[in-house]
Amino acid sequence: MLRARRVLPSFSKTLIQQQQLHLPSSLSNSKHALLTNDTTSNLHQSLLQMSLRGHAINFRHYNALLNECVAKRAFREGKRLHAHIIKTHYPQSVYLRTRLIVFYNKCDCLEDARRVLDEMPERNVVSWTAMISAYSQRGYAYEALHLFVQMLRSGTEPNEFTFASVLTSCAGSMGFFSGRQIHSLIIKCNYEAHVYVGSSLLDMYAKDGKVHEARSIFECLPERDVVSCTAIISGYAQLGLDEEALVLFRQLQGEGMQSNYVTYTSVLTALSGLAALDHGKQVHNHVLRSEVPSFVVLQNSLIDMYSKCGNLTYSRRTFDAMHERTVISWNAMLVGYSKHGEGKEVLELFMKMREEKKVKPDSVTILAVLSGCSHGGLEDKGLDIFYDMTSGKIEVEPETEHYGCVVDLLGRAGRVEEAFEFIKKMPFEPTAAILGSLLGACRVHSNVGIGEFVGHRLLEIEPENAGNYVILSNLYASSGRWEDVRSLRDQMLNKAVIKEPGRSWIELDQVLHTFHASDRSHPRREEVSGKVKELSIKFKEAGYVPDLSCVLHDVDEEQKEKILLGHSEKLALSFGLIATPESVPIRVIKNLRICVDCHNFAKLISKIYGREVSLRDKNRFHRFVGGKCSCGDYW
DNA sequence: CTAGGGTTAG
């Protein structure tokens with residue numbers, strides 16, 4: 001012992017001290033205090049010296065050394081240790097080999113981990129589970145499930161660890177094994193009420209869109225913790241059920257749930273969807289006050305929340321304050337500028353990103369930049385970037401969506417023929433989204449020739465989309481082709497389905513006021529629809545002409561006008577005018593694209609009342625000031 | 001020795 005202490009570096013000293021103190025084999029508290037950075041590089045030497053000097057290297061040594069390698073992700077040292085273990089000592093140890101699987105997983109070397117499992121003379125539930133969870137954690141769902149099946153075939157019974165891991169890989173049916181089958185196995189093995197298994201299980205159902213099943217699993221859990229609560233909240237948020245997510249978050253918070261950074265991240269996603277700025281600020285305050293560590297993911301979702309709530313200044317402030325940024329941080333910020341039509345800011349930030357070189361742009365980055373150029377009227381810059389991508393100067397493979405951005409870019413700039421030629425030259429058949437974007441351009445720039453061709457092609461691919469009929473009909477109406485308008489309307493009535501009813505809302509003192517078309521549900525509906533009428537009379541005096549081509553119903557003009565005045569965004573705008581102080585902008589959110597007539601209406605509010613209006617629709621932000629919109633009437 | 005929830009885009 002004494003000799004060893006003299007010649008061996010500090011790493012082995014740790015071991016010796018630990019043995020003398022009869023500590024458990026993990027180095028627990030002592031490891032950080034006693035180890036220096038160069039210790040693991042001395043590992044091999046230490047081992048050699050120990051065996052040369054006749055010291056028995058026992059299980060405990062190996063385990064401690066392995067723990068070190070896991071903690072430090074010391075790959076080369078771990079590999080040497082592995083060789084040592086297999087060649088000289090404990091070749092049969094299931095325990096040590098399982099630790100090696102964990103070690104290789106931590107080093108992101110699944111192939112090495114798998115080799116350890118495959119070479120194990122015998123396996124137990126822990127070694128199977130270690131490998132299954134390695135696959136699950138790294139996103140290899142197929143491999144995880146496949147191994148799970150092999151485990152069952154081998155006659156090993158899974159435990160709660162196995163189920164919690166394997167369920168992560170079960171979202172959707174994997175063909176040979178479904179989440180439901182695993183669920184029944186869990187019931188059979190009596191793990192359904194286990195918190196870890198339960199949260200994994202409810203998460204699986206939620207990711208599969210089965211939110212009711214997820215909720216009932218959640219409600220049946222005998223105990224709840226942060227993770228299970230977060231899982232159900234984020235389940236709602238990920239499905240776009242933002243209000244449900246918010247309501248549940250507040251309820252669970254009231255019941256004493258201790259939120260952590262994942263919880264906040266999830267609820268922020270819901271608040272982004274709702275554009276609930278007041279709630280968002282409140283959550284941000286909670287984060288600051290509760291001293292939840294500010295992890296990158298949380299900050300990313302704050303950037304996104306502020307930008308989707310219309311406050312780019314706060315987004316940028318969050319972005320600038322970050323010590324570490326991932327590609328998602330950059331993307332969230334770029335998307336923010338892009339949706340607000342701030343093309344210049346998009347390019348500047350993109351340049352900064354490329355200069356810093358800390359983070360590599362990915363496909364989403366380029367999408368954000370291209371659509372930013374498009375919405376910001378910088379089409380030539382956008383085209384340059386697209387060609388940098390096709391020539392390999394930007395290392396991102398162009399995808400369908402990138403081509404779509406270029407079509408949008410050209411079309412928006414009025415270069416409709418060029419956009420059409422571009423589509424013909426694409427290496428794939430145009431998608432409905434791409435044709436729809438060109439059709440929109442044809443409507444704005446009154447190109448009936450191409451519009452008609454593209455429109456009919458689109459109606460063949462997507463006959464169920466009512467929006468396509470409306471745009472093509474607008475185009476016909478603009479050139480007085482009423483016969484075609486009528487026939488289009490008949491086709492639409494036969495084939496189209498209205499998937500999502502139009503809905504607009506506005507946040508007032510942390511309460512969301514939602515309006516549907518021709519709303520009858522809001523408590524102040526009489527007052528609100530009275531205000532819409534009043535405004536329309538006032539605006540007509542200022543030259544407003546209702547754009548009846550936005551209504552495709554087969555009714556007389558008076559009826560059409562009535563339908564137009566019932567649009568949800570007009571109700572929300574008028575409510576904003578009544579209920580908010582003159583000093584603040586009116587912030588309205590719509591779940592679909594805003595219609596031309598409501599866009600005109602908002603312009604007039606900004607002009608005649610001198611109120612700034614911020615309207616977020618499905619695609620982007622519209623900021624109305626003095627009768628003009630930041631989108632330049634193209635959206 | 002093995003375990004669950006999270007951020008951008010569409």
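Letters go in sequence order (proteins before strands), and every chain restarts at 1.
Figure legend: A/Arg620 and A/Trp635 shown without cation-pi pairing, the cationic atom not lying both under 6.0 angstrom from the six-membered ring centre and within 45 degrees of its axis.
The environment of A/Gln258 atom CD is sparse: at most 12 non-hydrogen atoms of other residues, nucleotides or ligands sit within 6.0 angstrom.
For A/Lys308, no side-chain nitrogen or oxygen approaches OP1 or OP2 of B/dT7 to under 4.0 Å. Under 4.0 angstrom from either OP1 or OP2 of B/dA3 there lies at least one side-chain N or O belonging to A/Gln137. Taking side-chain N and O atoms only, A/Ser133 has no distance below 4.0 Å to OP1 or OP2 of B/dT2.
Side-chain contact check for A/Asn300 and A/Arg325: no donor-acceptor pair (N or O, by modelled atom type) lies under 3.5 Å.
Distances were taken from every side-chain heavy atom of A/Lys207 (C-beta onward) to each of B/dG5, B/dA9, B/dA3; the shortest belongs to B/dG5. Side chain of A/Val126, nearest nucleotide from B/dT7, B/dT2, B/dA9: B/dT2. Distances were taken from every side-chain heavy atom of A/Val262 (C-beta onward) to each of B/dG5, B/dT2, B/dA3; the shortest belongs to B/dG5. Distances were taken from every side-chain heavy atom of A/Ser228 (C-beta onward) to each of B/dC1, B/dG5, B/dG4; the shortest belongs to B/dG4. Taking every side-chain heavy atom of A/Asp203 into account, B/dG5 is the closest of B/dA3, B/dC1, B/dG5.
Heavy atoms of A/Ser363 sit nowhere under 4.0 angstrom from any nucleic acid atom. Contact annotation for A/Val226: base contact, defined as any heavy-atom pair under 4.0 Å involving a base atom. No contact: A/Gln299 has no heavy atom under 4.0 Å from any strand. Counting any heavy atom pair closer than 4.0 Å across all strands shown, A/Asp225 reaches a base atom. Using a 4.0 Å heavy-atom criterion, one finds that A/Val327 contacts no nucleic acid atom at all. Nucleic acid contact for A/Glu160: base, since at least one base atom lies under 4.0 Å from a heavy atom of the residue. Residue-level contact check: A/Thr129 touches the bases, meaning some heavy atom is under 4.0 Å from a base atom. Looking at heavy-atom distances under 4.0 Å, A/Thr269 makes contact with sugar-phosphate atoms alone, never a base.
A/Thr230 contributes a side-chain N or O that forms a donor-acceptor pair with the base of B/dG5 under 3.5 Å.
The CG-P distance, from A/Leu221 to B/dG4, rounds to 16 Å in whole Å. Rounded to an integer number of Å, the gap from A/Tyr191 OH to B/dG4 C1' is 15 Å. Per the geometry, CZ belonging to A/Phe163 stands 14 Å off C1' belonging to B/dT2, to the nearest Å. Between the CE atom of A/Met333 and the P atom of B/dA9 there is a distance of 13 Å, given to the nearest Å. At whole-Å resolution of the value, CD1 in A/Ile366 and C1' in B/dT8 are 14 Å apart. B/dT2 atom P lies 17 Å from atom CG of A/Leu147, rounded to whole Å. For A/Glu192 and B/dG4, the CD to C1' distance is 15 Å, given to the nearest whole Å.
The list of salt bridge (Lys or Arg N to Asp or Glu O under 4.0 Å) pairs with a residue in residues 254-270 of chain A, not counting sequence neighbours, reads A/Arg224-A/Glu255.
Checked against the 6.0 Å centroid threshold, A/His82 and A/Tyr104 count as a close aromatic pair.
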- Residues A/Tyr205, A/His183; criterion ring pair (Phe, Tyr, Trp, His ring centres under 6.0 Å); working and verdict: CA-CA 10 Å; A/Tyr205 278 115; A/His183 188 179; 5.4 Å; yes
